Amino acid sequence: MIRYSLFNEDFLTGVDRIQDRSIDLVIADPPYGLGKDYGNGSDMKSSHELIKWTIDWVDLVIPKLKHSASIYIFTTWRHSPEIFSAMKKRLTMMNEIIWDRCVPSMGGSTRRFSSVHDTIGFFVLSHKEYYFDLDAVRIPYDPETKKARTRSRFVGKKWLELGYNPKDVWRVSRLHRLHREREDHPTQKPLEIIERMVKASCPEGGVVLDPFCGSGTTIEASVNNRRNCIAFEINPRYCEISQNRIETKYSKRLV
């Protein structure tokens, strides 16, 4: 049976609930330091405070990882150089992924180029042992492209039949106010993005950890794809949103 646990608790104090070397995948979408209102001032840290806090929780996560585990961390270009540099002293970085939020052109700054992307770091504990299932996230070729590539030397090739490897720029629309997935959370991530991470980097039946649960997208992505999930969220309102979201869709009791 697939299980999921949601704790209304600060991850930094609740981390001891997790057994060492038990986690297959961490998906972390922490505060970016951009002044968003999460109801508790957690996004009001200075750059120095944010980077130190990030490394503090990363250091707490590392002992919980299996040797085959991975971490995906969302951040902003403003802080990613410092955060990624510090994480590379502890982990192996596999990719810097750019999430193009597909924001329409509607003005913006007149003194610099408009920022329309988030940065995602993909790290692993062991570059020799980490789990990665490319076939689970291949993108099928459209019929026209596939037909154009059906020369005899390509016939039967796995990449042609199953699709190509997703690149490190992910063009997925942000969740606008009326989007069917939208919950009452200021920085909710699309399910498509989180599901790609889950399917690629956690085996079926494995355990996903989300230290900053928000609206529950990681829980949903895990349950959708038969992975277990442990999640922490400090804001009781967001815990309620997450719990209602999962119970409504799966009629299961959070454990």
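From a predicted model like this one, the values you see are computed outputs, not experimental measurements.
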Quiz prompt | Under 3.5 Å donor-acceptor, Trp99 side chain and Val172 backbone | solution = yes
Quiz item: Among the clusters formed by ILVMFWY side chains lying less than 4.5 Å apart, do Phe11 and Met87 turn up in the same one?
Solution: yes
Quiz prompt | Spacing of Ile71 atom CD1 and Thr92 atom OG1 [to the nearest 0.5 Å] | solution = 11.0 Å
Practice problem: Write down the atom of Lys64, the atom of Val15, and the distance for their closest heavy-atom approach. | Solution: CE-O, 3.6 Å
Quiz item: Nearest heavy-atom pair of Ser242 and Leu6: which atoms, and what distance?
Solution: CB-CD2, 3.8 Å
Quiz item: Looking at Tyr32, is Arg78 sitting on its ring face, NZ or CZ under 6.0 Å from the six-membered ring centre and within 45 degrees of the normal?
Solution: no
Quiz prompt | Flag, side chain of Asn228 to backbone of Arg3, donor-acceptor distance under 3.5 Å | solution = yes
Quiz item: Hey, does Ile97 have a side-chain heavy atom less than 4.5 Å from the side chain of Thr119?
Solution: no
Self-check item: Shared hydrophobic cluster for Leu191 and Val223 (ILVMFWY, side-chain gaps under 4.5 Å)
Solution: no
Exercise. Please report the shortest heavy-atom distance between Gly121 and Met93, naming the atom on each side.
Key: CA-CE, 4.2 Å
Quiz item: With distance as the sole criterion, is a donor-acceptor pair present between the side chains of Tyr238 and Asn8 under 3.5 Å?
Solution: no
Self-check item: Donor-acceptor pair, side chain of Arg227 and main chain of Val208, under 3.5 angstrom
Solution: no
Quiz item: Centres of the Phe232 and Phe212 rings: under 6.0 Å?
Solution: no
Quiz item: How far does CD1 of Ile62 sit from CG of Leu60, to the nearest 0.5 angstrom?
Solution: 9.5 Å
Self-check item: Arg226 side, atom CZ; Lys199 side, atom NZ - distance, nearest 0.5 Å
Solution: 15.0 Å
Quiz item: Under 3.5 Å, is there a donor-acceptor pair between the side chain of Ser22 and the main chain of Gln19?
Solution: yes
Quiz item: How long is the span from the CZ atom in Phe74 to the CE atom in Met197, to the nearest 0.5 Å?
Solution: 3.5 Å
Quiz prompt | Test side-chain contact (heavy atoms from CB on, under 4.5 Å) applied to Ile83 and Thr76, Val58, Thr54, the passing residue | solution = Thr54
Self-check item: Verdict with reasoning, Glu220 to Ile246, per side chain to side chain contact (heavy atoms under 4.5 Å, CB included)
Solution: CA-CA 6 Å; Glu220 180 173 352; Ile246 303 306; 3.8 Å; yes
Exercise. Would you mind reporting whether Ile23 and Ile18 have side-chain heavy atoms less than 4.5 Å apart?
Key: yes
Quiz item: Can we say Arg237 and Glu240 salt-bridge, meaning some charged N sits less than 4.0 Å from an Asp/Glu carboxylate O?
Solution: yes
Self-check item: Distance in Å, Met94 CE paired with Ser70 OG, rounded so as to fall on 0.5 Å steps
Solution: 8.5 Å
Quiz item: Hey, are Asn225 and Glu204 close enough side-chain-wise for a donor-acceptor pair under 3.5 Å?
Solution: no
Quiz item: With Asp16, which residues qualify under side chain to side chain donor-acceptor pair (under 3.5 Å), at least two apart?
Solution: none
Practice problem: Examine Leu65 and Leu12 and state if one hydrophobic cluster contains both, with Ile, Leu, Val, Met, Phe, Trp and Tyr joined whenever side-chain heavy atoms are less than 4.5 Å apart. | Solution: yes
Quiz item: Looking just at side-chain N and O atoms, do Arg245 and Thr217 make a donor-acceptor pair shorter than 3.5 Å?
Solution: yes
Practice problem: Could you tell me the separation between the CG atom of Leu209 and the SG atom of Cys229, rounded to the nearest 0.5 Å? | Solution: 7.5 Å
Exercise. Verify, without hydrogens or angle tests, whether Lys189 (side chain) and Thr187 (backbone) share a donor-acceptor contact under 3.5 angstrom.
Key: yes
Practice problem: For the pair Arg90 (side chain) and Ala86 (backbone), establish whether a donor and an acceptor sit closer than 3.5 Å, ignoring hydrogens and angles. | Solution: yes
Self-check item: Stepwise side chain to side chain contact (heavy atoms under 4.5 Å, CB included) test for Tyr164 and Arg138
Solution: CA-CA 5 Å; Tyr164 60 90; Arg138 288 181 183 272; 5.7 Å; no
Exercise. Report yes if the side chains of Ile230 and Val207 come closer than 4.5 Å at any heavy-atom pair, otherwise no.
Key: yes
Exercise. Using a 4.5 Å cut-off on heavy atoms from C-beta on, say whether the side chain of Pro166 contacts that of Arg196.
Key: yes
Self-check item: Shared hydrophobic cluster for Phe84 and Val26 (ILVMFWY, side-chain gaps under 4.5 Å)
Solution: yes
Quiz item: Which atoms form the tightest heavy-atom contact between Glu233 and Gly214, and what is the distance?
Solution: OE1-N, 2.7 Å
Self-check item: Minimal non-hydrogen separation, Tyr141 against Leu160, with atom names
Solution: CD1-O, 3.9 Å
Self-check item: His79/Leu50 under side chain to side chain contact (heavy atoms under 4.5 Å, CB included): CA gap, chis, key distance, verdict
Solution: CA-CA 9 Å; His79 302 126; Leu50 179 74; 3.3 Å; yes
Exercise. Please check if atom CZ in Arg171 has more than 12 non-hydrogen atoms from other residues, nucleotides or ligands closer than 6.0 Å.
Key: no
Quiz prompt | Exercise: identify the closest heavy-atom pair between Ser115 and Arg101 | solution = O-NH2, 3.5 Å
Exercise. Taking the side chain as every heavy atom from C-beta outward, state whether Trp53 and Pro30 have any atom pair closer than 4.5 Å.
Key: yes
Exercise. State yes or no: are the ring centers of Phe123 and Tyr72 separated by less than 6.0 Å?
Key: no
Expected list for residues 127-134: side-chain donor-acceptor pairs under 3.5 angstrom, two or more places apart:
| unit_1 | atom_1 | unit_2 | atom_2 | d |
| --- | --- | --- | --- | --- |
| Asp133 | OD1 | Asp135 | N | 3.3 |
| Asp133 | OD1 | Ala136 | N | 3.4 |

Quiz prompt | Close side-chain approach of Ser201 and Phe122, heavy atoms under 4.5 Å | solution = yes
Practice problem: Just do the side chain to side chain contact (heavy atoms under 4.5 Å, CB included) check on Arg21 and Leu125 with the steps written out, would you? | Solution: CA-CA 11 Å; Arg21 303 303 177 205; Leu125 188 62; 3.7 Å; yes
Quiz item: Testing Asn224, Thr218, Ile219 for side-chain contact (heavy atoms from CB on, under 4.5 Å) with Ser222, which one passes?
Solution: Thr218
Quiz item: Any chain of hydrophobic side-chain contacts (each under 4.5 Å) joining Trp77 to Ile193?
Solution: no
